[in-house]
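Side chains included, hydrogens not; waters and symmetry mates left out as well; all remaining heavy atoms used.
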Amino acid sequence: MTEKQIEIELKLRIDPKHVARLKNAPVLREVKEGRRLMTTHLVSIYHDTPKLALANKGLAIRVRKKGTKGWEQTVKTSNGLREALPSRHEWTVELEDGVLDLDLFTDKDVKKLLNKFARKKKIDRIFESDLKRSAVDLTYRDAVMELAIDQGVVRSGEKEVPISEVEFELKKGHPAALFDLALELQRTVPLLLSMRSKASRGRDLYLDRGPGAYRAAPVELTDDMSAETAFRTMLGQGLRMILSNEVCVRQDLDVEGCHQMRIGMRRLRVALNLFKRNLPAGEAVLLRRLLKSCSKGLDGLRDWDVFLGETLPLIEERFPDHQGVAELRMAAQKQRAKALDAARVMLDAPEYGQLLLILGAWASYSRWASGASAEQMKAMASPVTDLATPLLDRAYKRVTKRGENVAELTTPQLHALRLDVKQMRYGTEFFGSVYPAKKVKKFRSRLTSMQQILGQLQDAAVAEARLSALTPELSADGHVAVGLVSGWFGARVEHELPGLEEACKNFTEQKLFWK
């Protein structure tokens with residue numbers, strides 16, 4: 001008999017050293033209601049074509065051995081992804097042995113899927129997971145869920161990666177309970193939101209695809225989409241940018257990963273600011289504070305990456321044999337190592353884990369609405385185009401007002417203008433897909449010209465401040481090198497300022513794509 005169900009689960013990462021503390025967490029003892037965690041050895045073999053044709057269609061086929069209880073085979077397909085809370089259709093039937101037999105499925109929906117995507121294709125085992133699962137059913141508030149703690153490996157050929165994660169699978173009730181319990185547990189045990197399945201890790205192993213910097217695809221909105229759905233889409237994009245690039249910072253794999261992670265956080269801050277009037281206070285304020293704090297933890301690393309990778313090479317090319325420039329690089333590398341340590345400390349801080357879970361909840365269901373007024377609820381239920389116009393108007397007015405006399409602005413005022421331009425840029429990217437593409441492209445082009453110049457001016461100001469941290473450690477040659485860099489930045493600022501005036505003028509004279 002085919003077993004059909006919809007699987008909704010929340011997945012979290014946990015360091016193996018914290019598993020025992022999780023099992024003994026006070027809140028867990030309360031909601032287990034005396035039940036014990038039962039441990040089972042699970043071996044799951046995933047099947048696909050050599051080119052992963054099924055995975056590319058959102059289909060997963062798995063054969064699993066559950067301890068001494070025999071075999072079963074499962075087909076899963078996506079039922080829409082609410083970012084941090086995957087929802088999947090799932091069909092499971094028992095097997096007498098571990099040999100895949102798709103003819104055993106009788107449900108018409110899964111048979112239709114298999115006939116369309118799997119029939120007449122060569123399907124073989126691609127990778128497997130081998131783990132011990134400790135599981136127990138919980139009753140938390142009005143929800144029933146299964147808690148599963150998985151410890152083991154995902155393996156493809158001779159390659160394998162460790163798995164240490166916690167899953168909450170909803171059986172009855174509202175998904176809010178999954179996040180609420182996870183946030184309670186997080187006060188006792190470090191838990192980090194995960195959006196990667198075991199299957200995705202197995203496919204990466206099979207393809208020998210290592211982690212790298214992740215750049216988000218554009219936000220795609222439609223005219224009939226509600227403002228709330230659009231808002232949650234924006235949150236989901238930012239969350240994915242943070243989680244997908246985290247490994248680059250933890251393992252120091254790619255400097256672009258740190259940059260994209262910060263962009264993800266900045267996009268989220270802009271989204272929260274754009275929708276600020278339509279969100280109740282409380283958790284929205286907390287989210288903004290957490291985003292600001294966590295983003296600050298990456299600032300030093302990004303600043304030194306820019307200096308070492310973009311600024312200093314220009315000086316080294318001009319003065320290839322200058323001893324002070326070589327000394328400057330060594331001193332900057334030491335500062336960069338300290339900044340990397342600080343970024344990793346941020347990633348292990350409770351605030352970062354809390355940020356991920358709250359963002360996951362906001363992106364997955366209407367958690368934001370707690371405490372919202374009737375007016376706010378009405379605004380968020382309206383079409384996104386109704387809300388986009390006033391939001392873009394406000395962002396545009398901030399840019400044009402602050403940039404009226406751009407030649408007279410001080411360095412802090414130029415920085416404030418840059419932030420306004422960035423908010424306008426992200427707002428354009430968020431809402432641009434619901435307006436004529438040509439008009440949006442022209443507007444964004446002129447906006448980007450302003451942002452690039454302001455960014456270069458900000459890089460100069462930041463580099464000057466960072467250089468001051470190096471001077472106590474430098475010799476006389478090193479101080480000369482600092483002077484060379486400062487002189488280069490000074491010339492650059494003088495060169496860029498007239499271009500900024502022209503860019504601001506071109507921006508303010510154009511037609512607005514949302515009018």
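- A distance of 8.0 Å separates CD1 of Ile8 from CG of Leu178, quoted to the nearest 0.5 Å.
- Closest non-hydrogen pair, Leu138 versus Arg35, comes out as CA-NH1, 4.3 Å.
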Item to complete: List the steps and the verdict of side chain to side chain contact (heavy atoms under 4.5 Å, CB included) for Asp142 and Lys172.
Response: CA-CA 8 Å; Asp142 295 325; Lys172 179 183 177 182; over 6 Å; no
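- Annotation: side chain of Lys32 is not in contact with side chain of Leu147 (no heavy-atom distance under 4.5 Å).
- Closest of all the heavy-atom pairs between Lys11 and Ser197 is CE-CA, 4.1 Å.
- Once rounded to the nearest 0.5 Å, the distance linking CG of Leu42 with NZ of Lys65 reads 11.5 Å.
- Lys276 NZ: 12 or fewer foreign heavy atoms inside a 6.0 Å radius.
- Counting only heavy atoms from C-beta outward, the side chains of Leu387 and Phe275 approach each other to under 4.5 Å.
- Going from atom CG of Leu272 over to atom CG of Leu235 covers 6.0 Å, rounded to the nearest 0.5 Å.
- Within the 4.5 Å cutoff, the side chain of Pro190 has no heavy atoms near those of the Asp348 side chain.
- Between Lys111 and Asp103, no side-chain nitrogen of the basic residue sits less than 4.0 Å from a carboxylate oxygen of the acidic one, so the salt-bridge criterion is not met.
- No donor-acceptor pair under 3.5 Å is formed between the side chain of Ser382 and the backbone N or O of Asp386.
- Inter-residue side-chain proximity for Arg36 and Val136 is flagged as unmet; no heavy-atom pair is nearer than 4.5 Å.
- Contact detail for Ala361 and Phe179: the closest heavy-atom pair is N-CE2, 3.4 Å.
- Formation of a donor-acceptor pair under 3.5 Å by the Glu72 side chain with backbone atoms of Arg64 is not found in this model.
- Tested against Trp514 for a ring pair (Phe, Tyr, Trp, His ring centres under 6.0 Å), the candidates Phe431, Phe430, Phe443 yield a single pass: Phe443.
- Around atom CZ of Arg277, no more than 12 heavy atoms belonging to other residues, nucleotides or ligands sit under 6.0 Å away.
- Proximity of Leu12 to Leu357: side-chain heavy atoms (C-beta onward) are separated by under 4.5 Å at one or more points.
- In this structure, Asp180 pairs ionically with Arg367, as a charged nitrogen and a carboxylate oxygen lie closer than 4.0 Å.
- Between Asp48 and Arg203 no salt bridge is recorded (no basic side-chain N to carboxylate O distance below 4.0 Å).
- To the nearest 0.5 Å, atom NZ of residue Lys51 and atom NZ of residue Lys122 are 12.0 Å apart.
- Other residues, nucleotides and ligands contribute over 12 non-hydrogen atoms within 6.0 Å of the CG atom of Asp97.
- For the pair Glu90 and Thr92, the tightest heavy-atom approach, listed with the atom from each and the gap, is OE2-OG1, 3.9 Å.
- A donor-acceptor contact closer than 3.5 angstrom links the side chains of Glu228 and Ser366.
- Checked by atom type and distance alone, the side chain of Asn245 pairs as donor or acceptor with a backbone atom of Tyr214 at under 3.5 Å.
- To the nearest 0.5 Å, atom OH of residue Tyr396 and atom CG of residue Leu512 are 5.0 Å apart.
- The minimum heavy-atom distance linking Trp362 with Glu283 is given by the pair NE1-OE1, 2.9 Å.
- Scanning both residues, Ala143 and Ala177, for their nearest heavy atoms gives CB-CB, 3.5 Å.
- Using a distance-only test at 3.5 Å, with no hydrogens or angles considered, no donor-acceptor pair links the side chain of Tyr435 to the main chain of Thr428.
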Just list the side-chain donor-acceptor pairs under 3.5 Å for residues 287-297, sequence neighbours left out, or say none.
none

Fill in: Test log, rule side chain to side chain contact (heavy atoms under 4.5 Å, CB included), inputs Leu193 and Leu359
CA-CA 10 Å; Leu193 181 68; Leu359 281 173; over 6 Å; no
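- Under the 3.5 Å distance criterion, the side-chain polar atoms of Arg133 are left unmatched by any main-chain donor or acceptor of Asp150.
- Between the side chain of Gln73 and the backbone N or O of Ile61, no donor-acceptor pair lies under 3.5 Å.
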Item to complete: Mind running side chain to side chain contact (heavy atoms under 4.5 Å, CB included) on Ile163 and Arg201 for me, showing each step along the way?
Response: CA-CA 10 Å; Ile163 293 290; Arg201 296 179 191 181; 2.9 Å; yes
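- Applying the salt bridge (charged side-chain N to carboxylate O under 4.0 Å, His left out) test to Lys171 and every residue at least two apart in sequence or in another chain returns Asp137.
- When atom types are taken as modelled, the side chain of Arg155 and the backbone of Ser129 share no donor-acceptor pair closer than 3.5 angstrom.
- More than 12 heavy atoms of other residues, nucleotides or ligands shown are found within 6.0 angstrom of NZ on Lys76.
- Ser164 places a side-chain N or O within 3.5 Å of a backbone atom of Ile14 that can act as its donor or acceptor partner.
- Atom-to-atom distance recorded for Arg13:CZ and Met195:CE is 11.0 Å, nearest 0.5 angstrom.
- Between Lys422 and Gln451, some side-chain heavy-atom pair lies under the 4.5 Å cut-off.
- Ser156 contributes no side-chain N or O that, together with a main-chain N or O of Lys159, makes up a donor-acceptor pair within less than 3.5 Å.
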Practice prompt. Given side chain to side chain contact (heavy atoms under 4.5 Å, CB included), test Val75 with His89 step by step and report yes or no.
Written response: CA-CA 8 Å; Val75 172; His89 284 303; over 6 Å; no
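- Judged by distance alone, the side chain of Thr233 and the main-chain N or O of Thr229 form a donor-acceptor pair under 3.5 Å.
- Counting heavy atoms from C-beta on, the side chains of Gln452 and Thr448 come closer than 4.5 Å.
- Of the residues Val306, Asp305, Leu301, Val249, the one that meets the side chain to side chain contact (heavy atoms under 4.5 Å, CB included) test with Val255 is Asp305.
- Residues Cys248 and Glu256 have side chains not in contact (no heavy-atom distance under 4.5 Å, counting atoms from C-beta outward).
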